[in-house]
Amino acid sequence: AELMFIGEGPGRDEDLQGRPFVGAAGQLLTKMINAMQFEREDVYIANVVKCRPPNNRNPEDPEAQACLPYLRRQIELIKPKVLVLLGAVPLLHLLGKKGITRLHGEWSEYMGIKTLPTFHPAYLLRDPSKKRETWEDMKIVRDYLNGLK
Ligand code: URA
């Protein structure tokens with residue numbers, strides 16, 4: 001996959017099915033992927049933590065640190081051209097940065113791979129007014145990937 005999305009961690013539906021982003025947030029993520037003219041099968045979807053934190057709380061730093069080697073290996077194997085970070089949790093644990101509202105849509109690098117943070121789809125479900133900015137971010141990624149062809 002040229003494009004890899006990194007979320008936070010499995011929620012209830014994901015925990016039950018053992019697959020990332022299969023619940024309500026996942027349906028919105030699929031729509032975003034399709035709007036970029038990709039299919040879900042074309043992209044790789046992973047999470048910072050691999051187990052569901054109790055009551056869907058944010059993963060704590062030691063939990064993220066425990067899972068990061070696994071995520072890094074996934075990135076090494078997939079070798080995507082672009083990483084999209086979904087929300088504040090991957091922004092914090094991969095790039096060590098806070099402030100998704102300020103930093104979304106700005107290119108960065110992780111493991112030598114171009115990396116762009118945007119809002120988490122679950123956040124968009126709570127605040128649909130952020131969908132427009134998220135789509136602008138996704139167009140940056142789409143245009144970059146199309147430019148490589
Ligand atoms: N939210 C996430 O961050 N990851 C999932 O896999 C599902 C919901």
Side-chain angles (χ1 to χ4, degrees), residues 1-33 35-36 38 40-131 133-142 144-145:
E2 295 188 340
L3 178 55
M4 181 164 170
F5 289 88
I6 302 177
E8 189 173 313
R12 184 177 167 276
D13 296 310
E14 289 75 22
D15 209 28
L16 287 169
Q17 291 189 41
R19 298 178 67 81
F21 281 99
V22 291
Q27 283 174 23
L28 181 53
L29 180 61
T30 303
K31 276 195 195 174
M32 288 159 54
I33 291 166
M36 296 169 80
F38 286 101
R40 239 182 107 115
E41 305 82 73
D42 300 331
V43 309
Y44 193 87
I45 305 173
N47 281 306
V48 170
V49 291
K50 309 305 185 186
C51 295
R52 182 185 180 213
N55 304 313
N56 294 328
R57 65 160 166 71
N58 282 355
E60 289 168 4
D61 195 55
E63 295 165 342
Q65 295 309 320
C67 290
L68 269 178
Y70 192 97
L71 177 65
R72 292 174 67 91
R73 187 74 185 126
Q74 286 178 297
I75 295 169
E76 278 171 7
L77 291 170
I78 302 295
K79 298 186 179 63
K81 300 273 197 299
V82 171
L83 297 170
V84 171
L85 308 184
L86 297 170
V89 166
L91 179 66
L92 178 65
H93 294 293
L94 273 63
L95 300 181
K97 292 179 183 170
K98 285 189 180 171
I100 188 70
T101 306
R102 187 168 44 92
L103 295 174
H104 78 91
E106 287 191 12
W107 286 114
S108 224
E109 240 184 54
Y110 184 70
M111 294 172 65
I113 298 168
K114 279 182 79 91
T115 298
L116 191 127
T118 194
F119 296 103
H120 191 289
Y123 177 73
L124 300 177
L125 291 174
R126 294 193 299 272
D127 182 359
S129 74
K130 293 286 189 293
K131 283 185 181 179
E133 286 166 81
T134 305
W135 176 233
E136 296 303 322
D137 297 346
M138 293 304 94
K139 282 194 288 189
I140 294 171
V141 171
R142 180 197 64 189
Y144 173 75
L145 288 171

Next item on the list: Would you kindly check if the NZ (Lys) or CZ (Arg) of Lys114 is within the cone defined by 45 degrees around the ring axis of Tyr144 and under 6.0 Å from the six-membered ring centre?
Entry: yes

Notebook entry, point to check: Is the closest side-chain heavy-atom distance between Thr118 and Tyr123 below 4.5 Å?
Noted result: no

Margin query: Is the shortest side-chain heavy-atom distance between Ile75 and Tyr110 below 4.5 Å?
Written below: yes

What's the separation between atom [atom1] in [X] and atom [atom2] in [Y], rounded to the nearest 0.5 Å?
X	Y	atom1	atom2	result
Asn56	Glu8	CG	CD	8.5 Å
Leu103	Ser108	CG	OG	8.0 Å
Glu41	Ile33	CD	CD1	9.5 Å
Arg142	Met32	CZ	CE	13.0 Å
Glu106	Leu95	CD	CG	11.5 Å
Phe5	Leu3	CZ	CG	4.5 Å

Heavy-atom pair of closest approach, residues [X] and [Y]:
X	Y	answer
Ile113	Thr115	O-OG1, 2.8 Å
Ala25	Ala122	CB-N, 3.9 Å
Met138	Met36	O-CE, 3.5 Å
Met111	Arg72	CE-O, 3.5 Å
Ile100	Pro117	CD1-CB, 3.8 Å

Next item on the list: Carefully, step by step, assess Glu63 and Lys50 under the rule salt bridge (Lys or Arg N to Asp or Glu O under 4.0 Å).
Entry: CA-CA 9 Å; Glu63 295 165 342; Lys50 309 305 185 186; over 6 Å; no

Note to self: Can you confirm whether Lys31 is buried at NZ, in the sense that more than 12 heavy atoms of other residues, nucleotides or ligands lie under 6.0 Å from that atom?
What the structure shows: no

Margin query: Keeping Thr101 on the side-chain end and Gly99 on the backbone end, is there a donor-acceptor pair under 3.5 Å?
Written below: no

Next item on the list: Using atom types as modelled and distance alone, determine if a side-chain donor or acceptor of Asn47 lies under 3.5 Å from a backbone N or O of Val49.
Entry: no

Margin query: Going by the rule ring pair (Phe, Tyr, Trp, His ring centres under 6.0 Å), which residues pair with His120 if we only count those two or more places apart in sequence or in a different chain?
Written below: Phe21

Could you pull out every donor-acceptor pair under 3.5 Å between side chains of residues 77-93 and any protein atom, sequence neighbours left out?
{"residue": "Lys79", "atom": "NZ", "partner": "Glu76", "partner atom": "O", "Å": "3.3"}
{"residue": "His93", "atom": "ND1", "partner": "Asp61", "partner atom": "OD1", "Å": "3.3"}

Check: Between Tyr44 and Gln74, does a side chain to side chain contact (heavy atoms under 4.5 Å, CB included) hold up when you go through it step by step?
Finding: CA-CA 9 Å; Tyr44 193 87; Gln74 286 178 297; 3.0 Å; yes

Name the atoms and distances for all side-chain donor-acceptor pairs under 3.5 Å in residues 10-19, with sequence neighbours left out.
{"residue": "Glu14", "atom": "OE1", "partner": "Gly11", "partner atom": "N", "Å": "3.0"}
{"residue": "Glu14", "atom": "OE2", "partner": "Val22", "partner atom": "N", "Å": "3.0"}
{"residue": "Glu14", "atom": "OE2", "partner": "Gly23", "partner atom": "N", "Å": "3.0"}

Next item on the list: Give the intermediate values and the outcome of side chain to side chain contact (heavy atoms under 4.5 Å, CB included) for residues Trp107 and Val141.
Entry: CA-CA 9 Å; Trp107 286 114; Val141 171; 4.2 Å; yes

